Number of protein chains: 2
Amino acid sequence: MGHFDNFFKSAFTVDNVIFGFDEGDLKVLLIRRGEEPYHGKWALPGYFVYPNEDLDDAAIRVLEELTGINNVYLEQVQTFGAVNRHAFGRVITVAYFSLIKISNYTIQPASIALQAQWHSVATVSPLAFDHDEILHACFMRLKWLVRSRPVGFELLPPKFTLTELQHLYEAILETELDKRNFRKKILSMDLLIDLNETQEGVAHRPAKLYKFDQKKYQELLKEGFSFELKESRKKEVKKRSNNSV
Amino acid sequence: MGHFDNFFKSAFTVDNVIFGFDEGDLKVLLIRRGEEPYHGKWALPGYFVYPNEDLDDAAIRVLEELTGINNVYLEQVQTFGAVNRHAFGRVITVAYFSLIKISNYTIQPASIALQAQWHSVATVSPLAFDHDEILHACFMRLKWLVRSRPVGFELLPPKFTLTELQHLYEAILETELDKRNFRKKILSMDLLIDLNETQEGVAHRPAKLYKFDQKKYQELLKEGFSFELKESRKKEVKKRSNNSV
DNA sequence: GTTAGCTAGTGTAAAAATTACACAAAGCCA
DNA sequence: TGGCTTTGTGTAATTTTTACACTAGCTAAC
């Protein structure tokens, strides 16, 4: 360093958008800030990047420091650099996102964060800084991703039912899907392994449990496989008749 | 400012990947560097972001300063932040890309650049810094974009033939397309206006000229329109027989 | 002015993918 | 045993995609 002391320098951060899925609801992991500005407000887990640290490494480190979550695959989404996005000076931030199985992790907020908690994406209240905008951008990315990669499996527990999988897709795409067509499509990918087990403790016919065929998926990815899921929004007309009661 | 003087700061740049299309070839606009490091080497047009300047504005300004090109729509692609990507210190760069009609612009390199010139994407020699990687990322983005938006029109002159359009798609997708199916698909979008004119000065049957229906396209975009172009690679088997001569 | 050479322009049939749609089966519980 | 709830399944109609080959129209060379 030293050569660049004369050049324009800015503070530089990463912000992580971690999605999970629980109780039929798409969630995002937030921290309650323990520092000014926005002390006590909910925000995305993010912090400064060290000068000698790769961007991707910083995202992983910051996530662990603020929430206790480690060992996840983070994907870069977009960089936000509006001049006034931070009240204390010029701060440019790179947004990363990830999909995790909520049940696999225990949340442990570090000193800088007062608290770390899952929040329903559909109902999050205003966040600190421009984090609403960042969250929105990552949600759009997720929506796109769900159509080109079977991301569902990354959010569900190891064993899941087809109905759970469908609900996940519906939550992400914010639409309803046809049960039979959804199953046909999913099963035709040949990426699900029937575990020959059924749900327990439900007050109705128990559903079959499946797991994701990780091995086959990796092979398909190599071959440049692209998963397509498109389905028109159903029953728009019928729903309107409910409103008019 | 001032509050953040204690925090980790890095130098911060933008790099622009400007694509054009000419003589059946996909091109990228490069400058020859007039500064160390990589003095005299070809590189993407990029430079520092001012402290009081939005990221997107910086990309536009830097592009104009280095190449004379202004008034283009730049889209953010990805941020590159490996620790050692710049020999003189920590420099994080945001890559932007754009598609322009080569004939609409005159290239005028500024003092910092020795030269600015279009280079064929397929044959660019090694570039300064990690610019090969950045170019590759933007090319991948373009490949993706071409399937979901009729970007072709942004690269061609106002009047073009269907064959020119097809060659452009083939150059971007690095594949061959079936003439009849391509035309059927493109015309079915109903975004082309037949100009009732034909090519001049060609030594064969002249092709009809079309222009792009900008107005209709904007309307379709609002409705959440998504253009799909998929076509299998043709004639793989037949080509192999050539090799075996 | 005839012809050779080149690219433009066009249709159809087969296959594949998508969509819409309704009821019997299985387990739990009262 | 019957009622409740959710699971699990097939088919026909429609749309989209794919593969494929010859005539039309112009220039240039002879």
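Model, not experiment: these values are computed from the prediction. Chain letters run A, B, ... following the sequence lines, proteins first and then strands; every chain starts at 1. In what follows, every heavy atom counts, from backbone to side chain, and hydrogens, waters and symmetry copies are set aside.
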Practice task
With heavy atoms under 4.0 Å as the rule, sort B:K184 into base, sugar-phosphate or nothing.
Solution key: base
Practice task
To the nearest Å, give me how far apart NE2 (A:H204) and C1' (C:dA24) are.
Solution key: 17 Å
Practice task
Take the protein atom NZ of A:K185 and the nucleotide atom C1' of D:dG8, then report the distance between them rounded to whole Å.
Solution key: 20 Å
Problem - d(NZ, A:K179; C1', C:dT19) in whole Å - result: 17 Å
Handout entry: Shortest side-chain distance from B:N181, nucleotide among D:dT18, D:dG8, C:dA8
Key = D:dT18
Handout entry: B:K208 side-chain N/O to C:dG9 phosphate OP1/OP2 under 4.0 Å
Key = no
Fill in the blank from the handout: All heavy atoms of A:I102 vs all of A:G20, minimum pair found to be CG1-CA, 3.8 Å
Exercise for the section: Provide, to the nearest angstrom, the distance between the CZ atom belonging to B:F182 and the P atom belonging to D:dT17. Expected result: 14 Å
Handout entry: Closest heavy-atom pair and its distance - A:V14, A:L55
Key = CG1-O, 4.2 Å
Completion exercise
Rounded to whole Å, CD of A:E197 lies from P of D:dT7 at a distance of 17 Å
Practice task
Give one of base, sugar-phosphate or nothing for A:T163, where a contact means two heavy atoms less than 4.0 Å apart.
Solution key: sugar-phosphate
Exercise for the section: State whether the number of non-hydrogen atoms from other residues, nucleotides or ligands found under 6.0 Å of B:K101 atom NZ is greater than 12. Expected result: yes
Practice task
Could you check A:D15, A:N16, A:D56 and say which one makes a side chain to side chain donor-acceptor pair (under 3.5 Å) with A:Y96?
Solution key: A:D56
Problem - Between C:dA8 (C1') and B:F160 (CZ): distance, integer Å - result: 16 Å
Handout entry: Interatomic distance, A:E164 CD vs D:dG8 P [rounded to whole Å]
Key = 11 Å
Handout entry: Upstream residue (5' side of DNA chain C) when B:L162 and A:A203 are each assigned their closest nucleotide
Key = B:L162
Practice task
Could you check how far CG of A:D178 sits from P of D:dG8, rounded to whole Å?
Solution key: 15 Å
Handout entry: Polar side-chain atom of A:T198 near backbone of A:K208 as donor-acceptor pair, under 3.5 Å
Key = no
Completion exercise
Among the nucleotides C:dT10, D:dT7, D:dT9, whichever has the atom closest to the side chain of A:R180 is D:dT9
Practice task
Taking only the side-chain nitrogens and oxygens of A:R205, find out if one of them lies under 4.0 Å from OP1 or OP2 of D:dG8.
Solution key: no
Completion exercise
Winner on side-chain proximity to B:R183, out of C:dC6, C:dG9, D:dT27, is C:dG9
Problem - Nearest-nucleotide pick for A:A207, side chain only, options being C:dC29, D:dT7, C:dC6 - result: D:dT7
